[in-house]
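Quick caveat: nothing in here was measured; it's all calculated off a predicted structure.
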Amino acid sequence: MTNGINRSIGLSAVRAASRVMNNSAHQVANVSTAEFKSGSSHLTDMAPGVSASIDPGGQPTGAEQGLSDVNLTRETTTQIGAQSLYRANLASLRTEDEILGTAINIKR
């Protein structure tokens with residue numbers, strides 16, 4: 001039987017993927033905002049699990065009106081990676097749930 005570590009790793013990765021996806025969506029939503037400074041997301045391996053550090057970016061207070069520096073290609077790649085991380089860890093959680101359900105049924 002599992003001891004819950006797999007579940008906490010899977011849940012932390014799902015949370016991290018969600019944070020990365022939210023930040024990337026924030027970047028894309030501000031692609032047309034004048035002088036918007038894009039932020040970044042970084043995944044960090046933390047025992048046990050994964051953590052996401054987020055820099056949301058923002059709008060500088062300068063008087064000049066220029067274009068944002070959001071790179072849609074980078075954001076698309078970020079979103080694909082976050083979606084893959086989310087799906088893989090969700091599958092892991094489902095599998096663990098099925099195994100525990102089978103073990104409970106066997107014991108009965």
Side-chain angles (χ1 to χ4, degrees):
M1 248 201 228
T2 63
N3 60 6
I5 289 180
N6 291 337
R7 183 164 291 268
S8 69
I9 292 170
L11 287 174
S12 71
V14 166
R15 282 188 207 110
S18 178
R19 290 189 68 206
V20 168
M21 185 66 83
N22 286 340
N23 191 55
S24 182
H26 171 70
Q27 305 303 315
V28 172
N30 283 289
V31 71
S32 297
T33 302
E35 289 195 28
F36 182 81
K37 177 77 173 143
S38 67
S40 61
S41 304
H42 301 284
L43 294 173
T44 307
D45 185 16
M46 298 184 64
V50 179
S51 176
S53 57
I54 303 298
D55 171 18
Q59 190 171 359
T61 56
E64 258 182 64
Q65 293 293 313
L67 300 174
S68 73
D69 69 345
V70 175
N71 181 331
L72 290 177
T73 304
R74 184 184 70 204
E75 295 307 325
T76 301
T77 305
T78 298
Q79 289 181 8
I80 290 169
Q83 183 180 27
S84 296
L85 178 65
Y86 187 85
R87 283 185 179 173
N89 284 284
L90 192 57
S92 145
L93 292 170
R94 282 187 189 133
T95 301
E96 183 180 5
D97 190 46
E98 288 173 12
I99 290 170
L100 290 173
T102 302
I104 289 170
N105 287 337
I106 289 172
K107 187 164 179 150
R108 288 182 187 173

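When the side chains of ILVMFWY residues are joined at heavy-atom separations under 4.5 Å, either directly or via intervening members, Leu43 and Tyr86 end up in two distinct hydrophobic clusters. In terms of hydrophobic clustering, with Ile, Leu, Val, Met, Phe, Trp and Tyr side chains grouped at heavy-atom distances under 4.5 Å, Leu90 and Leu11 are assigned to a common cluster. Follow the hydrophobic side-chain contacts under 4.5 Å out from Leu85 and you never reach Val14; the two are in separate clusters. In the hydrophobic clustering of ILVMFWY residues, with side-chain heavy atoms under 4.5 Å counting as a link, Leu72 and Leu67 come out apart.
Note: Ser51 OG to Arg15 CZ = 10.5 Å, rounded to the nearest 0.5 Å. For the atom pair CD of Gln27 and CG of Asn22, the computed distance is 11.5 Å after rounding to the nearest 0.5 Å. Between atom CD of residue Glu75 and atom CE of residue Met21 there is a gap of 10.5 Å, rounded to the nearest 0.5 Å.
Grouping Ile, Leu, Val, Met, Phe, Trp and Tyr residues whose side-chain heavy atoms lie under 4.5 Å apart, directly or via other members, leaves Met46 alone, with no other cluster members.
Of the possible donor and acceptor atoms, one in the side chain of Ser12 sits under 3.5 Å from a partner among the backbone N and O of Val50. Remark: the backbone N or O of Thr78 is not paired with any side-chain donor or acceptor of Gln83 at under 3.5 angstrom. No donor-acceptor distance shorter than 3.5 angstrom exists from the side chain of Ser40 to the backbone of Asp55, with no hydrogens or angles considered. Judged by distance alone, with hydrogens and angles left aside, the side-chain atoms of Asp97 form no donor-acceptor pair with the main-chain N or O of Leu93 at under 3.5 Å.
Here the shortest heavy-atom pairing between Ser68 and Ser32 reads OG-N, 4.5 Å. Taking all atoms of both residues into account, the shortest heavy-atom contact from Ala82 to Ala17 is O-CB, 3.5 Å. Taking all atoms of both residues into account, the shortest heavy-atom contact from Pro56 to Asn23 is CA-OD1, 3.2 Å.
Listed by chain and number, the residues in a side-chain hydrogen bond (donor to acceptor under 3.5 Å, both in side chains) with Thr33 are Asn30 (sequence neighbours excluded). Remark: Ser38 pairs with Asp69, Arg74 by the side-chain hydrogen bond (donor to acceptor under 3.5 Å, both in side chains) rule, at least two apart or across chains.
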